[in-house]
Visitor: 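Sharing a structure here in structure tokens format.
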Amino acid sequence: GRKKAEIFFSDENNIQNTANYSRGYAPKGKTPEAQKLKIEMLSTISKREKLHFLLDKDSMNSDRLTDFMTRLISDSKKKVILIPDKLRVHHPKAVSAWVEERKEQIEFFFLPPYAPEYSPDELPNSDLKRNAGAMQSARTQLEDNVHSRLHFLTSSPDFILAFFMLLLLPMPLEFMN
């Protein structure tokens with residue numbers, strides 16, 4: 001018989017209060033200063049209307065990734081097929097060994113390099129930056145906005161399905177079920 005699996009697309013992102021705006025107000029002759037606030041995020045999205053995320057103030061590393069994947073496996077009743085991008089953090093020996101030890105529970109299939117158009121997880125990231133990352137004056141305000149938007153998305157299956165519908169993925173439909 002055919003094994004059932006749940007497919008998750010994965011992406012890393014950071015949400016900043018300053019994004020691309022580096023200008024601000026300052027008195028004439030003084031350089032404007034803006035406090036740059038940044039939140040690192042690892043997320044996965046499934047066509048089964050699931051969105052998982054991990055937020056941190058530090059950059060992603062192999063320990064955070066394996067912790068995230070442990071939680072992803074424990075939440076899924078099926079084998080997890082994880083489709084990440086080619087980020088360096090996915091390739092250390094420690095991550096490969098971790099996945100190999102759990103090959104009955106999780107498997108990796110990497111996206112081609114520089115191919116964000118194939119990942120539906122790029123769309124929630126874009127939504128998050130538009131709706132939560134606009135200029136915030138305090139870290140707590142940025143964190144509150146990010147948490148609020150992510151919780152809205154996790155409880156909105158129609159939004160998650162729409163992210164998949166907006167992409168034309170070159171793969172058979174049965175692969176996505």
Side-chain angles (χ1 to χ4, degrees), residues 3-20 37-57 59-60 64-91 95 99 105-136 141-177:
K3 270 192 171 182
K4 298 287 182 179
E6 191 163 11
I7 300 166
F8 290 91
F9 289 84
S10 179
D11 193 32
E12 297 74 27
N13 197 1
N14 66 59
I15 301 95
Q16 300 177 32
N17 66 326
T18 56
N20 292 325
L37 307 174
K38 182 169 85 168
I39 299 172
E40 297 290 330
M41 182 177 84
L42 174 63
S43 61
T44 62
I45 188 171
S46 164
K47 193 173 178 193
R48 291 204 167 102
E49 303 164 359
K50 291 184 181 178
L51 175 69
H52 296 267
F53 59 90
L54 170 70
L55 301 175
D56 204 300
K57 64 180 185 329
S59 295
M60 190 53 53
R64 285 186 192 86
L65 176 61
T66 55
D67 178 55
F68 181 76
M69 291 187 300
T70 299
R71 289 189 268 150
L72 188 62
I73 288 170
S74 68
D75 185 56
S76 182
K77 293 174 178 59
K78 300 176 180 182
K79 182 175 184 173
V80 171
I81 304 296
L82 191 61
I83 306 176
D85 56 17
K86 294 274 190 171
L87 188 69
R88 267 191 333 229
V89 75
H90 299 137
H91 295 281
V95 173
V99 171
Q105 299 169 295
I106 189 167
E107 200 170 340
F108 271 21
F109 289 93
F110 290 97
L111 287 172
Y114 308 106
E117 67 275 12
Y118 295 138
S119 178
D121 202 28
E122 294 285 342
L123 296 168
N125 291 343
S126 176
D127 175 272
L128 189 61
K129 285 182 177 184
R130 279 192 318 276
N131 291 293
M135 289 290 264
Q136 306 300 324
Q141 187 178 6
L142 178 63
E143 288 173 353
D144 289 348
N145 287 353
V146 168
H147 279 281
S148 176
R149 187 62 185 179
L150 284 169
H151 287 293
F152 167 77
L153 290 173
T154 57
S155 63
S156 304
D158 291 342
F159 270 81
I160 294 171
L161 281 177
F163 295 138
F164 277 88
M165 299 306 142
L166 291 171
L167 291 180
L168 297 173
L169 295 172
M171 58 182 71
L173 288 177
E174 62 270 8
F175 183 70
M176 296 301 297
N177 291 326

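The chain is numbered in sequence order, starting from 1. Being a predicted model, the structure only gives us computed values, none of them experimental.
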Visitor: Shortest non-hydrogen contact from L153 to L51?
Guide: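 Where L153 meets L51 most closely, the heavy atoms are CB-CD2, 3.6 Å.
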Visitor: What's the separation between atom NZ in K4 and atom OG in S76, rounded to the nearest 0.5 Å?
Guide: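 Going from NZ on K4 over to OG on S76, the span is 13.0 Å.
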Visitor: Could you give me the CA-CA distance, side-chain angles and deciding distance for F108 and V95, then say whether side chain to side chain contact (heavy atoms under 4.5 Å, CB included) is met?
Guide: CA-CA 11 Å; F108 271 21; V95 173; 4.3 Å; yes
Visitor: Can you list the residues that meet the side-chain hydrogen bond (donor to acceptor under 3.5 Å, both in side chains) rule with D11, with sequence neighbours excluded?
Guide: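 Partners of D11 by the side-chain hydrogen bond (donor to acceptor under 3.5 Å, both in side chains) criterion, ordered by chain and then number, come out as N125.
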Visitor: Nearest heavy-atom pair of S46 and I160: which atoms, and what distance?
Guide: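 Reported closest heavy-atom pair: O-CG2, 3.6 Å.
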Visitor: Quick one: do K79 and E107 make a salt bridge, cutoff under 4.0 Å?
Guide: yes
Visitor: Going by side-chain hydrogen bond (donor to acceptor under 3.5 Å, both in side chains), name the residues that satisfy it together with K78, two or more places apart in sequence or in a different chain.
Guide: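 Here no residue qualifies.
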Visitor: Quick one: are L128 and L150 in side-chain contact, heavy atoms under 4.5 Å?
Guide: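 Contact flag for L128/L150 side chains = yes.
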Visitor: My understanding is that only residues two or more places apart in sequence, or in another chain, count here; which of them pass side chain to side chain contact (heavy atoms under 4.5 Å, CB included) with S126?
Guide: R130
Visitor: Please check: side-chain N/O of S155 versus main-chain N/O of F152, any donor-acceptor pairing under 3.5 Å?
Guide: yes
Visitor: Hey, is K47 close enough to E49 for a salt bridge, meaning N to O under 4.0 Å?
Guide: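 Between E49 and K47 there is no salt bridge, as every charged N stays at least 4.0 Å from the carboxylate O atoms.
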Visitor: Stepwise, does the side chain to side chain contact (heavy atoms under 4.5 Å, CB included) test hold for I15 with M41?
Guide: CA-CA 8 Å; I15 301 95; M41 182 177 84; 4.1 Å; yes
Visitor: Taking the side chain as C-beta and beyond, is there a heavy-atom pair between E12 and D85 under 4.5 Å?
Guide: yes
Visitor: Looking at every heavy atom in both S10 and S119, which two are closest together, and how far apart are they?
Guide: O-OG, 4.3 Å
Visitor: Is I45 close to F163 at the side-chain level, that is, under 4.5 Å between some pair of heavy atoms?
Guide: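 Side-chain contact under 4.5 Å: yes.
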Visitor: Whether K50 and E6 form a salt bridge (side-chain N of Lys/Arg under 4.0 Å from carboxylate O of Asp/Glu) is what I want to check.
Guide: yes
Visitor: Using the side chain to side chain contact (heavy atoms under 4.5 Å, CB included) rule, take L55 and H147 through it: C-alpha gap first, then chi angles, then the decisive distance, then the call.
Guide: CA-CA 9 Å; L55 301 175; H147 279 281; 3.6 Å; yes
Visitor: Below 4.5 Å, heavy atoms only, C-beta onward: do L42 and R64 meet side chain to side chain?
Guide: no
Visitor: In the structure I gave you, are the side-chain heavy atoms of I7 and I83 within less than 4.5 Å of one another anywhere?
Guide: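 The answer is yes, as the side chains (C-beta and beyond) meet within the 4.5 Å cut-off.
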Visitor: Taking the side chain as every heavy atom from C-beta outward, state whether K57 and I39 have any atom pair closer than 4.5 Å.
Guide: no
Visitor: How would you list, by chain and number, every residue that makes a side-chain hydrogen bond (donor to acceptor under 3.5 Å, both in side chains) with S43, sequence neighbours excluded?
Guide: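 Here the qualifying residues are D121.
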Visitor: Which atoms form the tightest heavy-atom contact between L82 and M69, and what is the distance?
Guide: CD2-SD, 3.8 Å
Visitor: Can you measure from OG1 (T66) to CG (L72) and round to the nearest 0.5 angstrom?
Guide: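 The distance works out to 12.5 Å.
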Visitor: H151: which residues meet the ring-ring contact (aromatic ring centres under 6.0 Å, His included) condition with it, sequence neighbours left out?
Guide: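 Per chain and number, H151 pairs via ring-ring contact (aromatic ring centres under 6.0 Å, His included) with F53.
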Visitor: Would you say the ring centers of F9 and Y118 fall short of 6.0 Å from each other?
Guide: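 Aromatic pair excluded; centres sit 6.0 Å or further apart.
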Visitor: Run the side chain to side chain contact (heavy atoms under 4.5 Å, CB included) test against D67 and tell me which residues pass, sequence neighbours left out.
Guide: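 Once residues adjacent in sequence are excluded, the partners of D67 under the side chain to side chain contact (heavy atoms under 4.5 Å, CB included) criterion are R71.
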Visitor: Under the criterion side chain to side chain contact (heavy atoms under 4.5 Å, CB included), I'd like the reasoning laid out for V80 against F8: C-alpha separation, chi angles, the key distance, then a yes or no.
Guide: CA-CA 7 Å; V80 171; F8 290 91; 3.8 Å; yes
